[in-house]
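A short write-up of the structure that comes next.
Treat the numbers as computed from the prediction; the structure is a model and nothing was measured.
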Amino acid sequence: MSIRILIVDDHHVVRRGLVFFLRTQKDLEIIGEAANGREAIEQAQLLKPDIILMDLIMPEMDGIQATKIIKEKLPEIKIMMLTSFSDQDHVIPALEAGASGFQLKDIQPDELVTSIKKIISGENQLHPKATSHLLANLSNKSKQAKNLLEELTKRELDVLKEIAKGKSNKEIAAALFITEKTVKTHVSNLLSKLELADRTQAALYAVKNQLVN
């Protein structure tokens, strides 16, 4: 099955370049384009893509607002921010809005394809600059009481730590010597207990609460 992609960018040349390149790749299918956040929401609802490559700064509605609305309406759609901005003022809001990945536009073409496929498989994909800003921002925040963590079983806590390392269900199963089906159950349970929407938010939660070395 091909991965169905919607490309959102207000720069026509950038959009066309992405379309031209990604159409040469096996297992990837470009199903639509949008020039701003409002168009992105409309196209997402109409086309139901597997993943959206979303620009940050656009007229009418930016990528962060569009991401938040799309994830509320269509939570199953994955969104990768593809932008020129890597500062924490853009990274943190984008991830909190529900983005599953954050990459810069200077990413190598092959790396972009790899990132798309990894996000579809359930992994988090953050550019190193975005990661460093994220960790610096979170480390500066004071520790707070985290009663929700106490509701997790030891095994759910183990799975949460593995999610924060960017591992897939298959990799977590191998690391913890359990089945993928069991991993899926633990992931579902811990997301429910922590009141989180997806794996990316779970990974952020783990980092915020210093569960990752």
Side-chain angles (χ1 to χ4, degrees), residues 1-8 22 25-31 44 47-54 63 67-68 70-82 91-92 94-104 107 110-128 130-131 134-135 148-149 152-153 155-209 211-213:
M1 292 289 290
S2 295
I3 297 172
R4 302 168 70 254
I5 303 171
L6 171 64
I7 296 176
V8 183
L22 293 175
Q25 301 301 301
K26 185 181 179 182
D27 301 327
L28 301 184
E29 179 186 359
I30 309 302
I31 61 169
L47 301 173
K48 306 285 195 305
D50 297 313
I51 187 169
I52 299 173
L53 303 188
M54 181 82 76
T67 295
K68 185 175 181 180
I70 290 169
K71 292 300 287 186
E72 287 173 353
K73 293 177 179 290
L74 301 159
E76 70 280 3
I77 295 178
K78 304 288 187 182
I79 298 178
M80 179 199 290
M81 309 307 294
L82 191 59
V91 174
I92 306 296
L95 296 177
E96 289 179 341
S100 299
F102 196 107
Q103 295 289 355
L104 298 185
I107 187 173
D110 290 345
E111 289 180 25
L112 176 60
V113 173
T114 299
S115 290
I116 290 171
K117 291 181 177 180
K118 284 187 174 181
I119 285 177
I120 290 297
S121 71
E123 296 182 44
N124 309 316
Q125 290 294 302
L126 300 181
H127 188 281
T131 303
L134 175 61
L135 294 176
L148 291 178
L149 277 176
L152 300 186
T153 65
R155 189 52 100 191
E156 287 166 355
L157 198 58
D158 291 338
V159 171
L160 178 59
K161 291 176 182 178
E162 296 300 315
I163 289 174
K165 296 175 186 175
K167 292 186 179 180
S168 64
N169 284 351
K170 184 176 181 180
E171 291 169 330
I172 295 173
L176 300 181
F177 303 102
I178 55 180
T179 66
E180 277 191 72
K181 185 176 179 180
T182 301
V183 173
K184 288 180 180 178
T185 299
H186 286 319
V187 171
S188 177
N189 288 342
L190 72 87
L191 289 177
S192 176
K193 289 180 179 180
L194 297 177
E195 300 174 2
L196 302 172
D198 55 33
R199 297 170 74 97
T200 302
Q201 289 189 8
L204 281 171
Y205 190 93
V207 173
K208 286 180 180 178
N209 290 279
L211 297 180
V212 186
N213 296 326

Evaluate the side chain to side chain contact (heavy atoms under 4.5 Å, CB included) criterion for residues Ile116 and Gln25: first the C-alpha distance (whole Å), next the side-chain angles of each, then the deciding distance (0.1 Å), finally the verdict.
-> CA-CA 12 Å; Ile116 290 171; Gln25 301 301 301; over 6 Å; no

Can you name the closest pair of heavy atoms from [X] and [Y] and give their distance?
| X | Y | answer |
| --- | --- | --- |
| Glu96 | Gln201 | O-NE2, 4.1 Å |
| Ile163 | Ala202 | CG2-CB, 4.3 Å |
| Lys117 | Lys26 | NZ-O, 4.0 Å |
| Ser115 | Ile107 | OG-CD1, 4.1 Å |
| Ala94 | Met81 | CB-CG, 3.8 Å |
| Ala197 | Leu191 | O-CD1, 4.4 Å |

Between [X] and [Y], is any pair of side-chain heavy atoms under 4.5 Å apart?
| X | Y | result |
| --- | --- | --- |
| Leu6 | Ile77 | no |
| Ile51 | Ile3 | yes |
| His186 | Ile172 | no |

Checking side chain to side chain contact (heavy atoms under 4.5 Å, CB included) for the pair Leu204/Leu196: CA distance, chi angles, key distance, verdict?
CA-CA 10 Å; Leu204 281 171; Leu196 302 172; over 6 Å; no

Just to verify, what does [X] make a side-chain hydrogen bond (donor to acceptor under 3.5 Å, both in side chains) with, not counting sequence neighbours?
| X | result |
| --- | --- |
| Asp50 | none |
| Arg199 | Asn169 |
| Lys184 | none |
| Thr182 | Thr179 |

### Query
Where do Leu157 and Leu190 land on the side chain to side chain contact (heavy atoms under 4.5 Å, CB included) test, with the steps shown first?
CA-CA 8 Å; Leu157 198 58; Leu190 72 87; over 6 Å; no

What distance separates [X] [atom1] from [Y] [atom2], expressed to the nearest 0.5 Å?
| X | Y | atom1 | atom2 | result |
| --- | --- | --- | --- | --- |
| Ile79 | Thr200 | CD1 | OG1 | 10.5 Å |
| Ser100 | Lys71 | OG | NZ | 5.0 Å |
| Asp27 | Met1 | CG | CE | 11.0 Å |
| Leu74 | Ile52 | CG | CD1 | 8.0 Å |
| Tyr205 | Leu160 | OH | CG | 8.5 Å |
| Glu72 | Thr67 | CD | OG1 | 11.0 Å |

**OP:** Apply the test side chain to side chain contact (heavy atoms under 4.5 Å, CB included) to residues Val159 and Asn189: give CA-CA distance (whole Å), side-chain angles for both, the deciding distance (0.1 Å), then the verdict.
**Re:** CA-CA 11 Å; Val159 171; Asn189 288 342; over 6 Å; no

key: Within 6.0 Å of NZ in Lys193, more than 12 heavy atoms from elsewhere   =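 Yes - once you tally the heavy atoms of other residues, nucleotides and ligands closer than 6.0 Å, there are more than 12.
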
My understanding is that only residues two or more places apart in sequence, or in another chain, count here; which of them pass salt bridge (Lys or Arg N to Asp or Glu O under 4.0 Å) with Asp158?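 Scan of Asp158 (salt bridge (Lys or Arg N to Asp or Glu O under 4.0 Å), adjacent residues dropped) gives Lys154, Arg155.
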
| said: Going by salt bridge (Lys or Arg N to Asp or Glu O under 4.0 Å), name the residues that satisfy it together with Lys165, two or more places apart in sequence or in a different chain. | reply: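 For Lys165, the residues satisfying salt bridge (Lys or Arg N to Asp or Glu O under 4.0 Å) (neighbours in sequence not counted) are Glu162.
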
